Amino acid sequence: MSLLKVENLSHSFADKTLYKNAFFDLYKGEHMGIVGQNGAGKSTLIKILLGEMIPDEGEIKWQPNIKIGHLDQYADINLNDTIEEYLKTAFADLFEIESKMNRLYQDSAMTGDTDQLLQAATYQEQLECNDFYSIDRNMNRIAAGLGIDAIGINRKIQKLSGGQRAKVILAKLLLEKPNILLLDEPTNFLDKEHVEWLAHDLEVFDGAFIVVSHDFDFLEKVSSCICDIEFGTIKKYNGNYSEFLRQKEHLQQDYIRRYHAQQKKIEKTEEYIRKNIAGNNSKIAKGRRKQLERIERIAPPIFTQKLCIQFNEIPISSHTVLTIQDLEVGYDSVLLPKLNFSVMGGKKVIITGFNGVGKSTLLKTLVGRTPAISGYFQFSNQIKVGYYEQDLNWNNGSLTPLQILSEQFPKLNVKEIRHHLSRTGVKDKNVSQEISTLSGGEQSKVKLCSLILSPSNFLILDEPTNHLDAEAKESLRNALIQFKGSVLLVSHEENFYRDWADQIFNIENDSF
């Protein structure tokens, strides 16, 4: 019996059909990855499975009495709690049992009531069966694995950054050990070391889970099956991510063969009809025309959207273009040791370090969004910075991509803006929708379009791949390889930058 059965699922958003009569099952112990292009409906599917969104048609059937855990990065939590206090709420039921047990032991010691003693012993057995006396060890293991111990387990939730808070919520979810995990982009706020730890933890997880991710190395390690959302369908493939790609490639080649075979048959039939519709074989020709009208035509094979990301670069010299001396960054307090490094013209530098230590703050300081606490940095006079911020924040979420870019680039007409948006993978039907209604990946592509339209010779990029699908990532990667200017990149995906980075700077110990 399946833990989850999805039947005849259909759902549309505005004028776009996400799924039509889709179906799949999740069985005990299955580790399912959800993939698809930006805007295909991956996050919407998670919301439908949770009951947060009602589909147009179809049924979502969960096995009764199963415990579902959901990674909600915007969960309403007590900001006055410390991290440790919040994590312990994962065991609230067990702490209540412990409290009852202690009261019974105390009462039985005073009264000699054997029934109270037996009930207390029953409670203790429940605690032992649920590994209650290993709570601290398990908390420390997960806190270390996700890098929470580096933040400080006694730190108040209200003092955490968005990424740090998301880590803590994930840690609590893992401590709760639900039967089924639903995770939407869990690696977005994790660094490389923490992604590897989470992959191993999920790999040995004895429950089932469904995870949406654009980190394909991560999916390769954790998935035992893949659900691909494409062209309004949800197709399940058994095996890990690389096996899914092989199977999908085979099916696509078969689809292309069937399409061309049908086209050849249609052309041959149409030619026969043209030649014979008015001749002696008119009756046969009319019969074939009726057959042709009834045939279910295979749609042309359009499997991927070809993107063309190319930066509008301006010349740069090979001399030092950024100098940083004794720079301290932070807000209320200093986040990092004093930073000292420089960037040469045309060099591509990757910044690494645990999440929350100050990578994003450093980039915001360099582009003037956050003032430096002390120290010095200077770009050379020739530098024109192009900045990509990882947060999907908009001054007005009701504006459309067309309106946003028209305001930023008033010299471009609507046709030109549509052309540039198309080249970065923004579908034509989405350019006139409110930006806040688009998926994270589609919003990221609009931000990328703005970046590539801005002349620059020094790119400062903060986790640009977080929401991008495979085609967009590959196009961005190729664009950065071809870019002749300097690059300062923060990314947790080593496979994205591994073969083109010139230097890797560890921000925690101020060293290359």
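Numbering starts at 1 and runs along the sequence shown. It should be emphasised that the depicted structure is a prediction, and the values quoted were computed from it without experimental measurement.
Summarising the geometry, atom CZ belonging to F91 is positioned 4.5 Å from atom CD1 belonging to I135; distances are rounded to the nearest 0.5 Å. For the atom pair K28 NZ and D206 CG, the distance stands at 8.5 Å (nearest 0.5 Å). The distance from atom CZ of F189 to atom CD of E463, rounded to the nearest 0.5 Å, is 12.0 Å. In this structure, N188 CG and H214 NE2 are separated by 9.0 Å, a value rounded to the nearest 0.5 Å.
A distance-only check finds a donor-acceptor pair linking the side chain of Y19 to the backbone of L45 [under 3.5 Å]. Looking at K61, its side chain never comes within 3.5 Å of a backbone N or O of S2 through a donor-acceptor pair. Judged by distance alone, with hydrogens and angles left aside, the side-chain atoms of S10 form no donor-acceptor pair with the main-chain N or O of E57 at under 3.5 Å. Q433 places no side-chain N or O within donor-acceptor distance of the main-chain N or O of N430, the cut-off being under 3.5 Å. Not a single donor-acceptor pair under 3.5 Å links the side chain of W197 to the backbone N or O of I142. At distances below 3.5 Å, at least one donor-acceptor pair connects side-chain atoms of K67 with backbone N or O atoms of E176. Proximity of a side-chain donor or acceptor of H467 to a complementary backbone N or O of Q443 within less than 3.5 Å is not detected. In this structure a side-chain-to-backbone donor-acceptor pair under 3.5 Å is missing from S134 to R137. Using modelled atom types, one side-chain atom of S444 and one backbone atom of G440 make a donor-acceptor pair closer than 3.5 Å. Side chain of N38 to backbone of D469: a donor-acceptor contact under 3.5 angstrom is found.
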Next on the checklist: Between E493 and K473, is the salt bridge (charged side-chain N to carboxylate O under 4.0 Å, His left out) condition met? List the steps.
Outcome noted: CA-CA 11 Å; E493 294 190 53; K473 276 188 191 179; 2.9 Å; yes
Item to check | Full working for side chain to side chain contact (heavy atoms under 4.5 Å, CB included) between M101 and Y105 | outcome: CA-CA 6 Å; M101 178 192 71; Y105 275 134; 3.4 Å; yes
Checklist entry - After noting the C-alpha distance and the side-chain angles of Y86 and N78, does the key distance pass the side chain to side chain contact (heavy atoms under 4.5 Å, CB included) rule? => result CA-CA 8 Å; Y86 174 69; N78 187 348; over 6 Å; no
Item to check | Stepwise side chain to side chain donor-acceptor pair (under 3.5 Å) check, S374 with E328 | outcome: CA-CA 5 Å; S374 70; E328 291 185 312; 2.4 Å; yes
Next on the checklist: Show, in sequence, the C-alpha distance, side-chain angles and deciding distance for I77 and R165, and conclude whether the side chain to side chain contact (heavy atoms under 4.5 Å, CB included) test is met.
Outcome noted: CA-CA 10 Å; I77 61 180; R165 180 176 163 180; 3.8 Å; yes
Next on the checklist: Pair R477, D499 - check salt bridge (charged side-chain N to carboxylate O under 4.0 Å, His left out), show working.
Outcome noted: CA-CA 10 Å; R477 178 180 168 278; D499 57 352; 2.3 Å; yes
Checklist entry - Should E434 and T437 be marked as a side chain to side chain donor-acceptor pair (under 3.5 Å) after you check the CA-CA gap, both sets of side-chain angles, and the distance that decides it? => result CA-CA 6 Å; E434 292 185 4; T437 67; 5.8 Å; no
Next on the checklist: For a side chain to side chain contact (heavy atoms under 4.5 Å, CB included) check, start with the C-alpha distance between I504 and Y497, then their side-chain angles and the critical distance, and finish with the verdict.
Outcome noted: CA-CA 10 Å; I504 296 178; Y497 61 77; 4.0 Å; yes
Next on the checklist: Working note: E220 + S242, criterion side chain to side chain donor-acceptor pair (under 3.5 Å); need CA distance, chi angles, decisive distance, verdict.
Outcome noted: CA-CA 7 Å; E220 176 74 13; S242 60; 2.9 Å; yes
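Closest approach of V212 to P186, counting heavy atoms only: O-CD, 3.6 Å. Considering every non-hydrogen atom in both Q164 and I151, the closest pair reads CG-CD1, 3.6 Å. Shortest non-hydrogen contact noted between L327 and F377 is CD1-CD2, 4.1 Å. Here the closest non-hydrogen pair linking V35 and L219 is CG1-CD1, 3.5 Å. The heavy-atom pair separating P464 from L476 by the smallest distance is CB-CD2, 3.9 Å. Between L127 and L94 the shortest heavy-atom distance is CD2-O, 3.4 Å.
Taking the six-membered ring where tryptophan is involved, the planes of F216 and Y241 are essentially parallel, since the angle between them stays under 30° and well short of 60°.
Stacking of K235 on the aromatic ring of Y237 is recorded, both the 6.0 Å distance cut-off and the 45° axial limit being met.
Two residues are said to be in side-chain contact when any heavy atoms from C-beta on lie closer than 4.5 Å; F205 and L174 fail this criterion. A 4.5 Å side-chain heavy-atom check between L198 and L170 finds at least one atom pair inside the cut-off. No side-chain heavy atom of K156 sits less than 4.5 Å from a side-chain heavy atom of L79. The side-chain heavy atoms of L461 and L480, taken from C-beta on, include a pair separated by under 4.5 Å. Side-chain atoms of V211 and S223, non-hydrogen and from C-beta on, never get closer than 4.5 Å to each other. Side-chain contact between I229 and I34 is present, with heavy atoms from C-beta onward closer than 4.5 Å. Contact of the L181 side chain with the L202 side chain is registered, since non-hydrogen atoms from C-beta on lie closer than 4.5 Å. Between E85 and K88 the shortest side-chain heavy-atom distance does not fall below 4.5 Å.
Exactly one of V343, D502, L322, L489 qualifies for a side-chain contact (heavy atoms from CB on, under 4.5 Å) with V349. That residue is V343. Residue Q390 forms a side-chain contact (heavy atoms from CB on, under 4.5 Å) with just one option from L363, N466, V490, and that option is N466.
Side-chain contact check for S43 and D184: at least one donor-acceptor pair (N or O, by modelled atom type) lies under 3.5 Å.
In this structure, K159 places its NZ atom where only 12 or fewer heavy-atom neighbours from other residues, nucleotides or ligands lie under 6.0 Å away. Enclosure of atom CZ in F379 by more than 12 non-hydrogen atoms of other residues, nucleotides or ligands within 6.0 angstrom is indicated. More than 12 heavy atoms of other residues, nucleotides or ligands shown are found within 6.0 angstrom of CD on E128.
Sequence neighbours left out, the pairs with a member in residues 28-55 that pass ring-ring contact (aromatic ring centres under 6.0 Å, His included) are H31-F209.
Ion pair E230/K248 flagged as a salt bridge, since at least one NZ, NE, NH1 or NH2 atom sits closer than 4.0 Å to an Asp/Glu carboxylate oxygen. Using a cut-off of 4.0 Å between Lys/Arg side-chain N and Asp/Glu carboxylate O, K221 and D215 are scored as not salt-bridged. Taking a cutoff of 4.0 Å between a charged side-chain nitrogen and a carboxylate oxygen, K5 and D25 qualify as a salt bridge.
Taking the ring-ring contact (aromatic ring centres under 6.0 Å, His included) definition, one finds that F132 meets it with F95, sequence neighbours left out.
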